[in-house]
Visitor: 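Could you have a look at this structure, given as structure tokens, before my questions?
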Amino acid sequence: MKDVAIIGAGPVGLCLARALAGAGLSVALIDRIDRPRLAEPRPDGREIAMTQASCDLLADIGVWQRIPQHEVAPLTHAKVFNGQSSFAMDFDSGNDRPLGFMVPNHLIRRAAFEEAERMDGIDWHFSALESITSDPGAARLALEDGTRLSARLAVAADSRFSESRRQMGIAARMRDNGRSMLVCRVRHQRAHDQSAWEWFDHGQTLALLPLHEHLSSAVVTLPSQQMSELTALPPEALSQALTHRYGRRLGAMTLEGETHVYPLVSAYAERFVAERFALVGDAAVGMHPVTAHGFNFGAQSQHRLARRLIRAHQLGQDIADPQLLKRYEREHRLATWPLYQATQAIVGLYTDDGVPARMVRHLGLRLGDRLAPARRMIGQHLTEPHGGSPLTPLSSLSPLTTLPSLARRAASSLPSPLSRLLG
């Protein structure tokens with residue numbers, strides 16, 4: 001019997017396996033993807049905005065050191081635009097430290113695999129999960145290749161559409177946002193200033209994530225039909241379309257590499273634990289990308305669970321004790337639920353093209369720009385290393401999560417009846 005069986009060898013599952021094996025626990029790691037593809041994952045277009053705390057968590061288990069540093073881009077500012085206005089609410093750290101770092105997702109996956117692969121305590125199983133059950137004695141897993149496993153604890157790290165979560169009877173609140181997200185790299189004529197843009201334009205949501213001086217990751221969110229029309233364009237026409245959508249603010253854009261499209265579906269599990277079973281990463285909380293919480297929450301979830309399991313193991317206690325798992329669930333829920341709800345509200349506000357919503361967004365940005373102390377606090381919090389507060393979600397003060405309250409404050413100061421319309 002293994003101590004822990006982890007279903008899903010994405011970056012969160014790999015990091016959890018590495019942390020547990022490094023502390024002497026025996027781990028079975030299960031994924032339908034074969035070893036060559038796990039070892040050399042293909043670029044998937046996703047650039048991950050990592051907080052300083054997430055970088056520190058990865059460094060603690062040797063993963064950060066394996067990411068080529070020339071592929072890591074500092075994020076010094078964050079700017080939020082509304083419509084065609086050139087005005088932006090600007091955030092920075094208030095010191096010399098960057099707000100965070102942009103890292104290609106496939107490089108995080110590769111680094112996490114390399115670090116986990118060197119651990120003696122991990123048994124790899126390259127097969128899909130067929131079934132999972134649990135009883136007071138163990139979690140029991142059957143794989144499609146005929147393998148049967150038992151473990152003291154099973155952990156789901158198999159995406160927001162988790163099959164193991166479903167089989168264990170845990171429901172999730174799924175929200176299909178009715179839109180798709182295109183991600184691709186673009187070269188542009190004018191250099192950026194290492195600022196991340198979030199741009200809520202009419203009928204579309206745009207982001208531009210800085211990589212190298214004249215290279216950025218473009219993120220375009222559109223209704224699915226419009227996305228199909230955009231992605232059907234040949235490369236040259238798509239480059240021109242992106243240049244137009246970004247208002248030529250960085251000059252002409254040229255597509256570099258492939259485009260990737262993802263459906264925008266958010267998920268929040270109704271429970272994070274069951275009998276000898278726990279959820280981490282997107283299986284627990286699958287965030288909308290607008291506030292860049294996703295990977296940071298995933299890194300925190302595996303850290304929260306790992307430190308509890310390691311402590312119980314060191315004390316000779318049951319690592320799947322119900323009270324231990326409940327404490328993990330309570331802590332991760334407190335850290336994520338308010339922000340999940342705030343993100344859903346943000347998505348609603350910033351995808352509404354009605355006049356009242358556009359005015360609320362504009363007022364919120366204007367007011368937020370005038371609250372310099374608040375902006376400095378957000379920037380300083382984002383750059384805090386995890387050693388200062390290891391369980392605080394550093395992305396909890398994302399610039400966007402502050403805007404609904406700022407907008408309400410701005411609306412309440414307007415003459416009636418306009419304040420009632422906007423509030």
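A quick note: this is a predicted structure, and the numbers were derived from the prediction, not measured.
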Visitor: Does Glu115 come within less than 4.0 Å of Arg110, counting only side-chain N to carboxylate O?
Guide: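 Salt bridge between Glu115 and Arg110, a charged N being under 4.0 Å from a carboxylate O: no.
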Visitor: Could you pull out the closest heavy-atom pair between Cys55 and Phe101, with the gap in Å?
Guide: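 Residues Cys55 and Phe101, closest heavy atoms: SG-CD1, 3.6 Å.
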Visitor: Side chains of Ser217 and Leu208, heavy atoms from C-beta outward: is any pair under 4.5 Å?
Guide: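 Counting from C-beta outward, Ser217 and Leu208 never come under 4.5 Å.
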Visitor: Are there more than 12 heavy atoms of other residues, nucleotides or ligands under 6.0 Å from atom CZ of Arg32?
Guide: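 Not more than 12 within 6.0 Å, no.
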Visitor: Evaluate whether atom CZ of Arg42 has more than 12 neighbouring non-hydrogen atoms of other residues, nucleotides or ligands under 6.0 angstrom away.
Guide: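 Open: at most 12 neighbouring heavy atoms sit under 6.0 Å from CZ of Arg42.
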Visitor: Sub-3.5 Å donor-acceptor pair from the side chain of Arg46 to the main-chain atoms of Asn105, do we have one?
Guide: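 Not a single qualifying donor-acceptor pair exists.
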Visitor: Check whether more than 12 heavy atoms from other residues, nucleotides or ligands sit under 6.0 Å from atom CG of Asp120, and answer yes or no.
Guide: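 No, not enclosed.
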Visitor: A side-chain contact here means heavy atoms from C-beta on lying under 4.5 Å apart; do Ser134 and Met168 qualify?
Guide: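 Of all side-chain heavy-atom pairs linking Met168 with Ser134, at least one is under 4.5 Å.
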Visitor: Less than 4.5 Å apart, side chain to side chain, heavy atoms only: is that true for Ile132 and Glu163?
Guide: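 Side chain of Ile132 against side chain of Glu163, heavy atoms only: no contact under 4.5 Å found.
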Visitor: Hey, does the side chain of Gln52 reach the backbone of Gly100 with a donor-acceptor pair shorter than 3.5 angstrom?
Guide: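 Such a contact is absent between Gln52 side chain and Gly100 backbone.
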Visitor: For Leu242 and Met253, which heavy atoms make the closest approach, and how far apart are they?
Guide: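 Looking at all heavy atoms of both residues, the closest pair is O-SD, 3.9 Å.
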Visitor: Atom CG in Leu325, atom CZ in Arg308: separation rounded to 0.5 Å?
Guide: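 Reported value, rounded in 0.5 Å steps: 10.0 Å.
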Visitor: Are side-chain heavy atoms of Ile67 and Val72 found at a separation under 4.5 Å?
Guide: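 Yes; the side chains approach each other to less than 4.5 Å.
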Visitor: Is any side-chain heavy atom of Ser301 closer than 4.5 Å to one of Tyr328?
Guide: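 Of all side-chain heavy-atom pairs linking Ser301 with Tyr328, at least one is under 4.5 Å.
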Visitor: Ala19 and Ile310: which non-hydrogen atoms are nearest, and at how many Å?
Guide: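 So the two residues come closest at O-CD1, 3.8 Å.
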Visitor: Mind checking the CE-CG spacing from Met50 to Leu99? Nearest 0.5 Å is all I need.
Guide: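 Output value for this atom pair is 14.5 Å.
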Visitor: Under 3.5 Å, side chain of Ser150 to main-chain N/O of Ala138, donor-acceptor pair present?
Guide: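 No; zero donor-acceptor contacts below 3.5 Å.
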Visitor: Indicate yes or no: at least one non-hydrogen side-chain atom of Arg245 is less than 4.5 angstrom from one of Leu222.
Guide: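 In short, these two side chains touch, coming nearer than 4.5 Å.
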Visitor: Assess whether side chain to side chain contact (heavy atoms under 4.5 Å, CB included) is satisfied between Leu230 and Ser228, documenting all intermediate values.
Guide: CA-CA 5 Å; Leu230 181 65; Ser228 297; over 6 Å; no
Visitor: Just verifying a value: how many Å separate Ile30 CD1 and Thr147 OG1, rounded to the nearest 0.5 Å?
Guide: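 Here the interatomic distance stands at 9.0 Å.
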Visitor: Please determine whether side chain to side chain contact (heavy atoms under 4.5 Å, CB included) holds for the pair Lys2 and Leu149, giving the CA-CA distance in whole Å, both sets of side-chain angles, and the decisive distance to 0.1 Å.
Guide: CA-CA 8 Å; Lys2 295 295 183 183; Leu149 298 170; 5.6 Å; no
Visitor: Donor-acceptor pair, distance only, cut-off 3.5 Å: does the side chain of Asp31 make one with the backbone of Ala128?
Guide: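 No, because the side chain of Asp31 does not come within donor-acceptor range (under 3.5 Å) of the backbone of Ala128.
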Visitor: Would you say Gln300 and Asn296 are linked by a side-chain donor-acceptor pair, where the criterion is simply a distance under 3.5 Å?
Guide: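 Asn296 vs Gln300: no donor-acceptor pair found between side chains.
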Visitor: Got a donor-acceptor contact below 3.5 angstrom from the Gln302 side chain to the Ala299 backbone?
Guide: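 Flag set: sc Gln302 to bb Ala299 pair under 3.5 Å.
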Visitor: Distance-only criterion, 3.5 Å: show the donor-acceptor pairs between side-chain atoms of residues 270-282 and protein atoms not counting sequence neighbours.
Guide:
| residue | atom | partner | partner atom | Å |
| --- | --- | --- | --- | --- |
| Arg271 | NH1 | Val273 | O | 3.3 |
| Arg271 | NH2 | Gly169 | O | 3.4 |
| Arg276 | NE | Pro136 | O | 2.9 |
| Arg276 | NH1 | Arg152 | O | 2.8 |
| Arg276 | NH1 | Asp318 | OD1 | 3.3 |
| Arg276 | NH2 | Pro136 | O | 3.2 |
| Arg276 | NH2 | Asp318 | OD2 | 3.0 |
| Asp282 | OD2 | Arg160 | NH2 | 3.1 |

Visitor: Are the charged groups of Lys326 and Asp321 less than 4.0 angstrom apart, N to O?
Guide: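 Answer for the salt bridge query: no.
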Visitor: Between Met227 and Ser180, which heavy-atom pair has the shortest distance, and what is it?
Guide: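 Taking every non-hydrogen atom into account, CE-O, 3.2 Å.
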Visitor: Using every non-hydrogen atom in the two residues, find where Met102 and Leu75 come nearest and quote the distance to one decimal.
Guide: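 Smallest heavy-atom distance, with atoms named: SD-CD2, 4.4 Å.
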Visitor: State whether a side-chain donor-acceptor pair under 3.5 Å links Thr51 with Ser54.
Guide: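 There is such a pair between these side chains.
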Visitor: Is there a donor-acceptor contact under 3.5 Å from the side chain of His192 to the main chain of His212?
Guide: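 It does hold such a pair.
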Visitor: Quick check: are there more than 12 heavy atoms from other residues, nucleotides or ligands sitting under 6.0 Å from CZ of Arg118?
Guide: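 Above 12, so yes.
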Visitor: Between Tyr262 and Asp44, does a side chain to side chain contact (heavy atoms under 4.5 Å, CB included) hold up when you go through it step by step?
Guide: CA-CA 10 Å; Tyr262 298 96; Asp44 58 12; 3.3 Å; yes
Visitor: Please check if the side chain of Ser216 supplies one atom and the backbone of Ala218 the other of a donor-acceptor pair under 3.5 Å.
Guide: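 Side chain of Ser216 to backbone of Ala218: no pair is present.
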Visitor: Using a strict cut-off of less than 4.0 Å between a Lys/Arg side-chain nitrogen and an Asp/Glu carboxylate oxygen, indicate whether Glu198 and Lys79 qualify as a salt bridge.
Guide: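 No.
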Visitor: In Å, rounded to the nearest 0.5 Å, how long is the span from CD of Gln167 to OG1 of Thr133?
Guide: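 Gln167 CD to Thr133 OG1: 9.0 Å, rounded to 0.5 Å.
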Visitor: Would you say the side-chain atoms of Tyr268 and Thr336 include a donor-acceptor pair closer than 3.5 Å?
Guide: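 Looking only at side-chain atoms, Thr336 and Tyr268 do form a donor-acceptor pair, the distance falling under 3.5 Å.
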Visitor: Can you say whether the rings of Tyr246 and Trp199 are parallel (under 30°), tilted (30 to 60°) or perpendicular (over 60°)?
Guide: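 Tyr246 and Trp199: perpendicular rings.
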Visitor: Please check this pair: side chain of Arg18 against backbone of Ile61, looking for a donor-acceptor N/O pair closer than 3.5 Å.
Guide: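 Yes; at least one donor-acceptor contact below 3.5 Å.
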Visitor: Using a cut-off of 6.0 Å, state whether more than 12 heavy atoms not belonging to Arg35 lie near its atom CZ.
Guide: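 Yes, the 6.0 Å shell around CZ holds more than 12 heavy atoms from other groups.
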Visitor: Using the rule given for side chain to side chain contact (heavy atoms under 4.5 Å, CB included), can you reason through Leu250 versus Trp197, listing the C-alpha separation, both sets of side-chain angles and the distance that settles it, and then say yes or no?
Guide: CA-CA 12 Å; Leu250 291 177; Trp197 294 5; 3.9 Å; yes
Visitor: Using a 3.5 Å distance criterion without hydrogens, assess whether the side chain of Gln194 forms a donor-acceptor pair with backbone atoms of Pro74.
Guide: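 It does hold such a pair.
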Visitor: Quick one, Val183 and Val261 - any side-chain contact, counting heavy atoms below 4.5 Å?
Guide: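 Answer no - side chains too far apart.
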Visitor: Look up atom CH2 in Trp124 and atom CG in Asp34, then write down how far apart they are to the nearest 0.5 Å.
Guide: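 Taking CH2 in Trp124 and CG in Asp34, the distance rounds to 12.0 Å.
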Visitor: Look only at the side chain of Asn177 and the backbone of Leu264, and say whether a donor-acceptor pair between them is shorter than 3.5 Å.
Guide: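 Yes; at least one donor-acceptor contact below 3.5 Å.
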Visitor: What distance separates Ser26 OG from Leu20 CG, expressed to the nearest 0.5 Å?
Guide: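 Nearest 0.5 Å value for the OG-CG distance: 9.5 Å.
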Visitor: Does a side-chain heavy-atom distance below 4.5 Å link Arg148 with Arg140?
Guide: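 With C-beta onward as the side chain, the pair stays apart.
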Visitor: Knowing that exactly one of Asp123, Val155, Ile6, Leu16 qualifies, which makes a side chain to side chain contact (heavy atoms under 4.5 Å, CB included) with Val27?
Guide: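 Going through Asp123, Val155, Ile6, Leu16 one by one, the side chain to side chain contact (heavy atoms under 4.5 Å, CB included) with Val27 is satisfied by Ile6 alone.
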Visitor: If you take all heavy atoms of Ala241 and Leu233, which pair is closest and at what distance?
Guide: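 Closest approach of Ala241 to Leu233, heavy atoms only: CB-CD1, 3.9 Å.
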